There are 2 protein chains.
Amino acid sequence: MLRLLTLLGLMASLLIPGVSFAEDGYRMWLRYEPVADQSLQQQYRKSLQQLVINTDDATLAIAKQELQAGISGLTGQAIPHSRQVSEHGALLVGTPQSSQDIANLKLDLSALGPEGFRIVSADIAGKRATIVAANSNKGALYGSFHFLRLLQTEQSINSLEISSAPSVQHRVVNHWDNLNRLVERGYAGLSLWDWGTLPAYKDNPRYRDYARINASLGINGTVINNVNADARILTDQFLEKAAALADVFRPYGIKLYLSVKFNSPMLLDGFETADPLDADVQKWWQARVKKVYEYIPDFGGFLVKANSEGQPGPQDFNRNHADGANMLAEALEPFGGIVFWRAFVYAPEQGDRFREAYDEFMPLDGTFKDNVIVQIKNGPIDFQPREPFSPLFGSLEKTNIALELQVTQEYFGFSYHLAYQGPLFTEALNADTYAKGEGSTVGKILAGEVFDYKQTGMAAVINPGNSRNWTSHPFVQSSWYAFGRLAWDVNLTSAAIGEEWLRQTFNNDTGFIESMQEIMAISREAGVNYRMPLGLTHLYAQGHHYGPAPWHDKSGRADWTAYYYHQATKDGVGFDRTASGSNAIEQYHSPLDQMYAKPESTPEDILLWFHHLGWDYKMGSGRTLWHELVYKYDTGVAQVEKMQATWESVKDFVDTERYQRVKALLKVQLRDAKHWRDACISYFQSVNGLPLPKGSPKPAHELDYYKRMEKSLYLPDPWYPVPSGH
Amino acid sequence: MLRLLTLLGLMASLLIPGVSFAEDGYRMWLRYEPVADQSLQQQYRKSLQQLVINTDDATLAIAKQELQAGISGLTGQAIPHSRQVSEHGALLVGTPQSSQDIANLKLDLSALGPEGFRIVSADIAGKRATIVAANSNKGALYGSFHFLRLLQTEQSINSLEISSAPSVQHRVVNHWDNLNRLVERGYAGLSLWDWGTLPAYKDNPRYRDYARINASLGINGTVINNVNADARILTDQFLEKAAALADVFRPYGIKLYLSVKFNSPMLLDGFETADPLDADVQKWWQARVKKVYEYIPDFGGFLVKANSEGQPGPQDFNRNHADGANMLAEALEPFGGIVFWRAFVYAPEQGDRFREAYDEFMPLDGTFKDNVIVQIKNGPIDFQPREPFSPLFGSLEKTNIALELQVTQEYFGFSYHLAYQGPLFTEALNADTYAKGEGSTVGKILAGEVFDYKQTGMAAVINPGNSRNWTSHPFVQSSWYAFGRLAWDVNLTSAAIGEEWLRQTFNNDTGFIESMQEIMAISREAGVNYRMPLGLTHLYAQGHHYGPAPWHDKSGRADWTAYYYHQATKDGVGFDRTASGSNAIEQYHSPLDQMYAKPESTPEDILLWFHHLGWDYKMGSGRTLWHELVYKYDTGVAQVEKMQATWESVKDFVDTERYQRVKALLKVQLRDAKHWRDACISYFQSVNGLPLPKGSPKPAHELDYYKRMEKSLYLPDPWYPVPSGH
């Protein structure tokens, strides 16, 4: 299928002038369209005469298949396979173990670890060759995908000298997929996992292509079910199905993980307790884990959401997170499995939700087993368009950690809005914790350069469903891509990643790339601006998290209201987290705690996260806080209009299907951006009684209109009931 | 997109020997693959040198596009467009109004009505031509699709003389799609209607391709939302979205209809009543209907499920079905709209559910307005694998009627089982009601040949969702196809339709067709045999309707249990509907009522629908009823094994993707067929205490196992919660 589509794409381009291959987005960034640059095309053809792989290993068989399909698509020239180098223009792929040619080169592979790769140009027995070498077949597969990326982005492959190894050991995607195929916060159709046809139909092409997509980025783990877990995932009925998926993913180097419910022994087998210190409970988990490994011999481990938003956990039995995590870790340890234990917790008793993960986990630092990894969201609240970094980064010194990011756009307009999140992810990774002085960035901490962790990870909640293009909005693909590339190399820039993605997903035209880089650069900031600028946060309508409801002040708990977050009164706005407030800033290392203690030294884009300020507080721009706020809202709307104009300007460089789709979605996004702006400004005006700055347009409707629309504007998704009312 | 895929398919076949185009099923039966028969290929090329269409009408523009794409795909030769015949081998399409050439031919089009067509070979000004002529552009479009069908099924196009007009006026597909995109009984992903991106993204290629698929069969209406209706479909928010869909469907000759909730004035506007005789209620509907026509000027009308399974209706206000239907009909009448009013009713008071639709509707015959059509399911209960025909057919003489069929496999194993329902549909159409003596078949009645109806219709509940191949199981497409073809021509045979479908959907190889015809012929009967042979019915587990639960004897109402239907005791089995029982047989015309009065004259395949018989009742085969029952169950399982073997035998004639998918699904089906057989036999043995006939295999498990499995075997679908338990 892969090869065929590529060939057909090739033929279409070669044989029908002016006709571009219909592009529905299914191929993501693995399109292998013909290289447009003719001199590069010649170089590639000359350098790629022969593919040499000397093993029948399943992983290298995949590398072979991908390279043959990709190169024939890109160059229009088939690359025959051989077991040894016999011609100029050889592409040699493997390990010193599998290939005597590679062994003879005596390349230094010591820095690559088990998953890295080198790509070098060299002569082998007098023949010019390109070598993709690694310490493992998996490393060679990653190198092969990297090599294809060089071709797809039209880089010279003469004189290559590339060496690359991943920043973190665990590069894992998380699916919030329920067993009934609804995807929590997914917005891209039903779950990819068609449980009803598993295990029989494991040949479903989507499973293989899903694995290819992830492997192309170096992703090596997938948690296939929702963290709000269904205990039944551990029944034989579902393990048999999960095992079929694991079989498909295995040769791509992807381990399968499961989210489990902490009180599974109670739900599945009638236990009266799930106390992690109870010997029978421990035995139950040991037996179940053994069973899991019978189905899936290389099973990765568990992801656990415990004592969070109603999920059961060790605290239900007067134990702590470490007790719970360690009990599961002990059951998994004999088989090499690990536990990702989420730090996304906030206690039912009201404090400052910002503080809670830190306050709960810091006392436990050093008490978790070596095969436990505490998985921490980038910010202290919950995947907001902008958050300061979670102070657990840089503080949990003796506990393995993973960073959890969200690719799916729960807070970014679902799959209706364009929001490349590369800038958000790099903002989190580049945040300096000052844990060991300047330069102790979150990225460096994750890469093990600051503390001596046994293992670390990066995870992202992705949203692929049965939508044809996987993610519904074509640009959600770019955030998936950015996550994968950053998990491999925390030092990449969002601009470089965006360019890579554009070149592979669309084309290599310089003008197109330049125009589109602007969209990639501003789309996330636009989303911040038209929703919650200057450090405002969580002004969403409850539940659906799509539209605005800053007026929302009643709920089951205070921190599920918008008022809790913005605290807007006649006198001012913002959440005081300094010493006069919740003092959450004390959780940061110096000098951040001092910086955040004063509004003047707090970055303006997170200002209202830490300070409650008067509406007339003077901003760096010289504007009052109120005027600056309105200015930001106006800017957000203008940025969406800018994206529309840019998209229109590249029309001729994009296939009709994606052009029309994105154009229509930008129309939806502009409607919503204006709605957000107008609803929030109306509301804040109703609180502060202040006029708009000159030149700023009046909201289209009265505040009441937006309040009514809270329940009716927003968009049908099976995860939520259709809005009610007329 | 269409043209491109076709061209690519063509290129693949022409240029890469041995490689068949990857087939994911998206193209349904409109594949336009190159004609394999070389002499026919030559004939087609010679006869198709020029496409002559002399109008810019939107519907004929679609005919032009489809013919050009189809013919170039089939023949590998482009067919240039012209406004008049100027060469040998012209294909002339249009009406006497649009084309002087057609007018000059003075073809008799009087029998065609507004939608029929003629296809004839003739000379025009000395040039050999093929003419597709009709009284309307829509008729010409239908003729164009028919012509493409001739090519796709490899028939000679020399000396054509075809005349065709539809049997019924309204050929309508029904979607049971909810506004949150869940599809009731759909099993093929989320709703096609992506409400969140409408109206902005009406260029979604699926909408156009959906319209093409239906138009190719002559389907001229679509009800886009669930009969268990959400009142909010009539709000402006949704009307604006529906109007965008109507815009897409219009040039394909497809009218858009909506399912409405009878008490909408109460739900949407706080009315205290929805009494159809209340003047304010009437005014509300008139105003809403006016609004609907502002959005959709050619709106088709309403489909209503009233006083049925909890849906509101006129009886809630002490009015009858005619009062309710006529009130809506009056509002629609000024705009040309109609009301489909469903006869699927069964009163809350327990009687024989079989009788109820007849008992409720017969007294109202003649009281419905001319723009009301009563829509009647083929059988008296509910889309069971086999039902005798509903006695309303042949009895409602003075009320317009429509037949409602179910393509989606609610009772046929969802989208996991292979069940071509052509035989079921033709069984219903060919059933002789004897209303005006022998030959008064349901089909003839619908075609208006028995009673003098103003208008009639045929409807089918279809299941397309966002699954790539629309229907999930590739063979559900065949039932959609069969419905459309039969709605056009009630006299077609299921075998002929099956062959047409196979040739277009797979290929024209004679051996392949012969083998596959066997699958087409037995698959529905297999489904009857392994579930509920000899006139047993509704032995399903409650709610999901997938697996067996003949033991089920407790529910909110008796007719929601299985026991109600089979009445099995130690002494016998079956539902007595003769004079000694519910006497439902009196609803049939003579001689059926006498035939069904005695088991000896009742067809054995519906025997237990009408009779409660001893287990030792002697069947035509000489076996006892019990042995015959087991024999049928065994036969059902053997038939699935036969389908597996046949599918394996045609492996080389089918693309890999569909081959693997159907093979895997047949594995699931065999598992389920055995499960059905074993569960039912175990249960009946537990009732009658009888041993199995010699040679019949013992059920794999004890009865208790199957009882436990009722809640855990069956398959995750978002419409139902995941089964509970370990």
Side-chain angles (χ1 to χ4, degrees), chain A residues 1 4-5 7-9 11-12 15-16 19 21-22 24 178-182 187 189-190 195-197 200-205 230 232 235-237 268-269 414-416 465-468 656-657 660-661 663-665 667-668 671 712-726, chain B residues 1 4-5 7-9 11-12 15-16 19 21-22 24 178-182 187 189-190 195-197 200-205 230 232 235-237 268-269 414-416 465-468 656-657 660-661 663-665 667-668 671 712-726:
Chain A
M1 166 80 175
L4 252 159
L5 276 180
L7 280 171
L8 290 168
M11 287 190 301
L15 302 180
I16 318 180
V19 170
F21 186 72
D24 58 22
N178 292 334
L179 302 189
N180 65 357
R181 295 193 69 196
L182 290 182
Y187 327 113
L190 296 180
W195 295 113
T197 61
Y201 188 38
K202 67 171 158 181
D203 286 322
N204 187 332
D230 188 316
R232 288 165 290 189
T235 61
D236 290 69
Q237 183 182 354
L268 296 179
D269 277 332
F414 297 2
S415 287
Y416 303 121
N466 76 331
S467 290
R468 179 64 183 166
T656 308
E657 186 168 342
Q660 288 179 335
R661 185 182 190 115
K663 180 187 163 106
L665 292 171
K667 201 171 155 191
V668 172
R671 175 200 69 184
S712 74
L713 173 68
Y714 303 107
L715 303 160
D717 182 273
W719 187 249
Y720 290 104
V722 182
S724 63
H726 188 22
Chain B
M1 166 77 173
L4 252 159
L5 276 180
L7 281 171
L8 290 169
M11 287 189 302
L15 302 180
I16 318 179
V19 170
F21 187 72
D24 59 22
N178 292 334
L179 302 188
N180 64 359
R181 295 191 70 195
L182 289 183
Y187 328 113
L190 296 181
W195 295 112
T197 62
Y201 187 39
K202 68 171 156 182
D203 287 323
N204 186 332
D230 188 315
R232 289 165 289 188
T235 60
D236 289 69
Q237 182 182 358
L268 296 179
D269 278 333
F414 297 2
S415 287
Y416 303 121
N466 75 332
S467 290
R468 179 63 184 168
T656 308
E657 187 168 341
Q660 288 178 333
R661 185 182 190 116
K663 181 187 162 102
L665 292 171
K667 201 171 154 188
V668 172
R671 175 200 68 182
S712 73
L713 173 67
Y714 304 107
L715 302 161
D717 181 273
W719 188 250
Y720 290 103
V722 183
S724 63
H726 189 24

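Bear in mind that the values here come from a model prediction, so they are computed numbers and not experimental data. Below, chains carry the letters A, B, ... as their sequence lines are ordered, and counting in each starts from 1. These values consider heavy atoms only, across backbone and side chains, with no hydrogens, waters or symmetry-generated copies.
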Atom NZ of A:Lys663: over 12 foreign heavy atoms under 6.0 Å: no
message: To the nearest 0.5 Å, what is the distance between CG on A:Leu190 and CG on B:Leu190?
response: 4.0 Å
B:Lys667 atom NZ: more than 12 heavy-atom contacts under 6.0 Å: no
task: Measure the spacing between OH of B:Tyr201 and CZ of A:Arg661 and express it to the nearest 0.5 Å.
output: 5.0 Å
- prompt: Quick one: does B:Thr656's side chain get under 4.5 Å of A:Asp203's, heavy atoms only?
  reply: no
statement: What one should report as the nearest heavy-atom pair of B:Tyr416 and A:Gly196 is OH-CA, 3.3 Å
field: Over all atoms of both residues, closest heavy-atom pair of A:Ala200 and B:Val668
entry: CB-CG2, 3.8 Å
- request: Check step by step if side chain to side chain contact (heavy atoms under 4.5 Å, CB included) holds for B:Arg468 and A:Asp24.
  value: CA-CA 11 Å; B:Arg468 179 63 184 168; A:Asp24 58 22; 3.8 Å; yes
task: Any chance you could measure B:Thr197, atom OG1, to A:Leu665, atom CG, to the nearest 0.5 Å?
output: 6.5 Å
- line: Output for pair (B:Glu657 CD, A:Asn204 CG), nearest 0.5 Å, gives 7.5 Å
